[in-house]
Q: 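Structure provided below as structure tokens; questions to follow.
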Amino acid sequence: MAIPKKVRSFLQFILFTGVGVLILFLVYRSQNAAYIADCALKGIPDEECSLMDKLKSDFASVNYWWIMAIIVAFIISNLLRAHRWLLLIKTMGTNGRMSNAFFTIMVGYFANMGLPRVGELVRAGLFAKYENIGPEKVMGTIVVDRILDLLSLLFAILLAFVLQGNVLFAFFENKIGNSVFGETWLYIALALVFLLLFFMYRFRRFIKQWSLYQKIHHLVEGFRDGLRSLRRVEKPWILFLDTVLIWLMYYLMMFLCFYSFEPTAHLGGMAGLMVFVFGGLGIVFPSPGGMGTFHLMVITALAIYGIHGDDAFSFANIQYFSVQLLGCMLIGIIGLIVLPIINKKPKPNVTDPDHGAI
């Protein structure tokens with residue numbers, strides 16, 4: 001018996017939200033235990049030692065001028081994203097409005113806070129409705145938009161490893177120590193990779209029949225087709241510049257947050273890059289807005305630069321709530337209110353016969 005779509009969506013919402021809340025709870029519990037242990041070493045009574053109280057105190061001590069700078073960078077990044085998206089929309093032979101592009105993006109972010117990945121569908125549906133374009137065509141441009149983001153994230157990861165790889169490896173080497181596992185883990189991992197590759201090559205005909213393989217193959221083909229569609233962009237250098245500036249704003253949103261919180265104010269640009277990459281990987285995980293996973297990854301990255309768990313936990317929350325609550329949620333709600341107002345008269349669909357759909 002097939003599960004109704006609404007029931008399936010509700011169950012997915014419960015699952016992803018539950019995973020995010022569970023991870024956040026486990027992170028909080030571990031940081032709270034470490035904080036209480038640190039208080040015991042300092043002779044502070046347990047009743048006077050609460051991580052929640054520290055979190056409240058840290059939020060109260062934040063320099064909110066820097067938080068406002070983060071929100072400005074967030075808005076600029078999404079204006080640039082809207083502009084880049086319109087360049088992709090134009091390859092279909094139609095022009096979209098900047099206001100619609102920006103606010104549908106923000107509403108999509110807001111939707112992602114409830115159910116991961118549903119934001120892209122909401123964004124495509126709203127933009128198609130208000131611009132009178134086929135939703136499947138709009139979804140095609142969003143796929144290309146996400147491909148550009150994936151490539152940008154991979155470049156940021158590579159850049160972090162090139163510039164700070166020695167710091168990262170030294171940190172994990174220190175954590176692992178000189179144990180037998182610490183000396184041989186790399187060889188074990190390489191052996192497993194080669195074994196997996198041999199298995200895939202040896203049984204490739206059988207593997208090609210798997211539904212999982214077919215899904216991955218279809219995804220790779222879609223990725224390739226998306227990259228090919230970029231050749232139809234009229235001014236690719238502007239699209240490239242938009243992409244660079246979008247991710248520069250993302251980086252600044254993390255780096256500027258350092259200055260808002262005293263324990264992290266001394267960290268430099270390289271630390272900002274590493275924490276930004278770790279936080280980006282935390283957001284990729286399918287929990288609502290990266291809840292829990294973002295905190296875990298940011299705390300791990302800050303530990304590389306000597307920021308203690310309790311301060312790292314506070315920083316992760318300051319950055320997360322600044323972007324997710326003041327950014328995604330607030331502007332997303334504004335978008336839900338504004339979009340019907342600025343689109344009282346639907347736009348006629350204008351198609352350029354010289355262009356095809358993505």
Q: So which heavy atom on Gly335 is nearest to which on Pro340, and how close?
A: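 In terms of heavy atoms, the two residues are closest at O-CD, 4.4 Å.
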Q: Under 4.5 Å between any side-chain heavy atoms of Ile299 and Phe278, yes or no?
A: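 Sidechains of Phe278 and Ile299: no contact.
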Q: Using a strict 4.0 Å threshold on nitrogen-to-oxygen distance, state whether Arg81 and Asp149 make a salt bridge.
A: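 Yes, Arg81 and Asp149 are salt-bridged.
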Q: Just to verify, which of Trp66, Trp65, Phe315 counts as forming a ring-ring contact (aromatic ring centres under 6.0 Å, His included) with Tyr259?
A: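 It is Trp66; the other options fail the test.
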Q: Taking the six-membered ring for Trp and the single ring otherwise, decide whether the centroids of Phe155 and Trp247 are under 6.0 Å apart.
A: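 Centroid separation for Phe155 and Trp247: 6.0 Å or greater.
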Q: How long is the straight-line distance from CE of Met249 back to CD1 of Ile246, given to the nearest 0.5 Å?
A: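 Reported to 0.5 Å precision, the distance equals 10.0 Å.
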Q: Check whether Tyr305 reaches the backbone of Gly272 with its side chain - one donor and one acceptor, N or O, closer than 3.5 Å.
A: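 Judged by distance alone, no pair lies under 3.5 Å.
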Q: As an exercise, state the distance from OG of Ser77 to CG of Leu252, rounded to the nearest 0.5 Å.
A: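 Rounded to the nearest 0.5 Å, the OG-CG separation comes to 10.0 Å.
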Q: Drop me the distance from Phe258's CZ to Leu302's CG, to the nearest 0.5 angstrom.
A: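 Atom-to-atom, Phe258:CZ and Leu302:CG are 6.0 Å apart.
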Q: Can you find a heavy atom in the side chain of Phe294 that is under 4.5 Å from one in the side chain of Val323?
A: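 Not touching, per the 4.5 Å side-chain cut-off.
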Q: Is there a donor-acceptor pair closer than 3.5 Å between any side-chain N or O of Glu262 and the backbone N or O of Asn63?
A: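 Answer holds: no.
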Q: Enter the distance from Met106:CE to Phe103:CZ here, rounded to the nearest 0.5 Å.
A: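 Going from CE on Met106 over to CZ on Phe103, the span is 9.0 Å.
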